[in-house]
Amino acid sequence: MLTVDALGPSGPYRTRNQLVIADVTGAEVATVSLVPRLFVTRTMAVLGRASSLPLAARLEALDAAGSLFAAESSEYVALVSRVSGLPMADVEAAAATISDACRTAYEAAQRARPAGAAESLSAVDVGGLWTRRGNVFAVHAAGNHPAVHSLWLQALALGYRVAVRPSRREPFTPYRLICALRAAGFGDDHVVLLPCAHDVADEILRCADLGMVYGGDSVIAKYAGDPRVLPQGPGRSKILVTADSDWAPVLDMIVSSIAHHGGVGCINATGVLIEGDPAPLASALATRLAALPDSVLPRYPLDAALALRDHLAVRAAGTRPLLGASQLVTDLGDGSAVLRPTLHLLPSASCPQLGAELPFPCAWVAPWHRSSDGLAPLRHTLVLTAVTRDDSLIASLAADPTISNLYLGNRPTTYVHPHLPHDSYLPDFLMRTTSFVSPPRVALWGTPNARLRRN
Amino acid sequence: MWDSDDADEFIRGAMRWHFDPATGSPFWLAQASSLGFDPRVDVRSVADLRLFPNVVDELRHVRPEQLIPRGYGDSAEIVGVYDSGGTTGAPKRVVFLDDWLQRMITHMLEPLDRLGVPLGLNWLGMLPTGPHAVGHFIGMAARARRGLMFNIDLDPRWVRRLIVSGQQAQAEAYIDHLVEQASQVLLSQEIGVLMTTPPLLERLARRDDLLAAITENVRLIMWGGAHMDTDTHDLFRNEVFPGIPLHGVYGSTMIMGGASQRLGDTELPTFDGFGPYITFSVVDPVSLEPVPYGVRGQVVTSHVSKSMLLPNNLERDTAIRVPALPGQPGDSLADLAPVQVFGDEAVVEGVY
């Protein structure tokens, strides 16, 4: 069995408190060292005292880490696939995304730099200087998809020391990534992995200057009042097709939005809104989703899959199932199950199910009425793909602060690019601008200050 | 009979005392008729204490004077009435008599000589006083070691209330208040023995100035009142306070005192009973049968003294069952931890 040590400020640290990680069939594949609170407190103090690498060395190390992370990754990919239930191809793609993110993290972060702020001291005379809001950044990571670990690399690139609490479901990705970063030149006191129990996790945030937390609504509510914490909540991504546009040419895009990456991401579409009769679109979508092969769908432990089925059955009350809870679970007979896509038709866009985001291709189709529904059902959305020609609607959607990403036309909600902000730019949260003014070039007794002397 | 070297003979004598109408307490004499057995006949050994029902819930409402064995007559030297922590509902009350207290304190201090702790050190306790026994008795221990006692009161019920009602920030502020008070003592006095709970020990260690003061002066750190996992124990012993003996006490109002941590380099923090007065067993929580050695089970405590009888109490703690030291009845307890309550995990929406 594999052992995943904590990666502390003096190297790997193995505890007696070992968490067993099982794959989707229930077979035990690894144990993880869960660190106690005292270790967290002391580790974070070391991070606070450490000095970051100079920029050039950071970039070099990030570059090298990207290559190390990608190299000889077949065992890692197989392991993550076994444990997370994601198809191998998705894990491979995620590994490539992380590897690329190592190389592009700094450049991606720079996209967020205000036009009036300089990148470094040497680049400013009189003006803004882009500076960190703190020195130690904490991440409570998610385990739904390995690619979530591509984001915090930007903090490292910007000179933060970073502490990652891995998900209890899938600690292998951050372990591999942090090992790669260390091998590439980051110090043990620059980036640490702190697997820990739930009640210890808060200590990581408490000791950090800033933190980022992935979680459901209750987790987000818990940190809502804490300005030092950036919540990464449910995505509730959506697609809107207005009456001036035909859905048939974008059907592939809608299917992909719902089911790409096994439908486990916050960028996968949960709500599909259509102006006009939703039945034909829903029916076409159901046919396409039902035809997806098991090989591109997520696997779950059977008991967890059945719990999801029961939850969905209750949640779907009052809706019309096209692909209902009863066909969600395909028992593979080895302790695991494939989660098949589900699709329900809602009587109205105001039904709360529109935001019911579950870790498989799970979508809800509803009619959208411009005058009576307005923007309300489209709000609180991570990615909204709008298939419309209505420029004033586009302007309203772009202006809405609760819609994080707006894509137009035949562009799936799952589209990502290193230069695009995920949920605003992460550096919006990590950085601030200091006003920086160099000493006057002309001596005080020179001409420009003559007036001062006269006074 | 109270000084018998034979634990089982001691138990038989104690049964005669507690269930004789002339010497037993009104509380136990009233229980006797509903026991379904005669303790004076049927309880022949430490192991037989498991015949008793767990009566500790009765201590939430019984009048404490009913707990004093009649055999003391008018000469019972009553130290006081003390409460349990109150974690599980209304507090349970017991009466401490002086003969037991002296025996307990002597036992508690016995390891200090072996740990090389000199007499005459000053003590700082950050412990519950108020209705709780430990904060009061630690001062007697300090006096017995010819030291001065400095006290910071810790009100565990208030902390719990704040946490249960979601007032985490208030709980933090209260703990800061305790640390601040302790800092006044640690930085202005010479403290040789520090006794507190593991969470407060962590809080003290966060401050570099207090860490320095402790490292310079303290010759013994005693901990109790909450669990300390083995990883944290190792960190304290090897990295935070290297060179300072770390000595735990597994204390409980329901055993009327505490069990001392076994000295030496045990792999896991291990606690030994104080037979025949304080004995432990480790059982399967469902069958209540003893688990095998080396296996984790739920802790059952028994207290049997002249002053009090509290047998067969299933605690909310788990421990790994380890053999008791030679001559010691019952089990010893390794790697104590709270009972974990596992509910059905509900589905949380959102993909994280």
Side-chain angles (χ1 to χ4, degrees), chain A residues 6 10 13-17 33-39 41-42 45 140-145 148 167 169 197 202-203 206-207 213-220 222 225 232-236 263-268 270 303-304 307-312 314-315 355-360 362, chain B residues 163 166-169 171-173 175-176 179 197-208 210-211 221 223 226-242 246 266-269 296 318 320 334-338 340-352:
Chain A
S10 329
Y13 169 62
R14 189 165 300 176
T15 61
R16 288 167 193 277
N17 190 7
S33 283
L34 297 183
V35 305
R37 178 183 288 104
L38 182 60
F39 186 80
T41 314
R42 292 171 63 77
H140 283 195
N144 62 316
H145 199 277
V148 297
S167 138
R169 235 172 93 196
D202 269 349
E203 180 71 0
R206 191 193 67 80
C207 300
V213 175
Y214 293 83
D217 282 333
S218 61
V219 173
I220 301 314
K222 179 177 173 189
Q232 301 281 301
R236 303 200 166 106
V264 304
C266 49
I267 54 178
N268 283 111
T270 298
D303 51 350
L308 283 169
R309 182 195 64 188
D310 296 347
H311 176 80
L312 178 66
V314 173
R315 198 77 160 87
E357 176 178 294
L358 291 167
F360 52 88
C362 168
Chain B
I163 290 171
Q167 300 183 72
Q168 199 62 42
E172 291 294 314
I175 292 164
D176 285 347
V179 171
T197 65
L200 280 172
L201 212 46
E202 288 192 22
R203 292 311 185 97
L204 296 175
R206 273 187 204 167
R207 273 183 53 175
D208 290 343
L210 301 185
L211 193 57
I221 294 172
W223 61 274
H227 297 98
M228 187 190 290
D229 64 83
T230 301
D231 292 317
T232 300
H233 188 262
D234 285 349
L235 286 172
F236 270 132
R237 206 168 41 169
N238 302 327
E239 295 194 18
V240 185
F241 300 121
L246 192 64
T266 58
E267 191 191 350
L268 304 168
R296 185 172 289 278
T318 68
I320 293 169
D335 199 24
L336 278 150
Q340 298 282 337
V341 183
F342 293 109
D344 285 341
E345 271 191 50
V347 170
V348 176
E349 286 191 4
V351 291
Y352 305 130

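So you know, we letter chains A, B, ... as the sequences are listed, proteins then strands, and number each from 1.
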Between B/Asp234 and A/Arg16, does any side-chain N to carboxylate O distance fall below 4.0 Å? yes
Between A/Leu34 and B/Asp231, what is the shortest heavy-atom contact and its length? O-OD2, 4.2 Å
Which bit of B/Gln168 is near chain A, if near means a heavy-atom gap under 4.5 Å: side chain, backbone, both or neither? neither
When rounded to the nearest 0.5 Å, the distance separating CZ of A/Arg37 from CG of B/Asp229 is 9.5 Å
Check whether B/Leu268 gets within reach of chain A through its side chain, its backbone, both or neither, counting any heavy atom under 4.5 Å. side chain
So which residue, B/Thr230, B/Leu201, B/Val240, ends up with the most heavy-atom pairs under 4.5 Å with chain A? B/Val240
Portion of A/Thr41 that has a non-hydrogen atom of chain B nearer than 4.5 angstrom: side chain
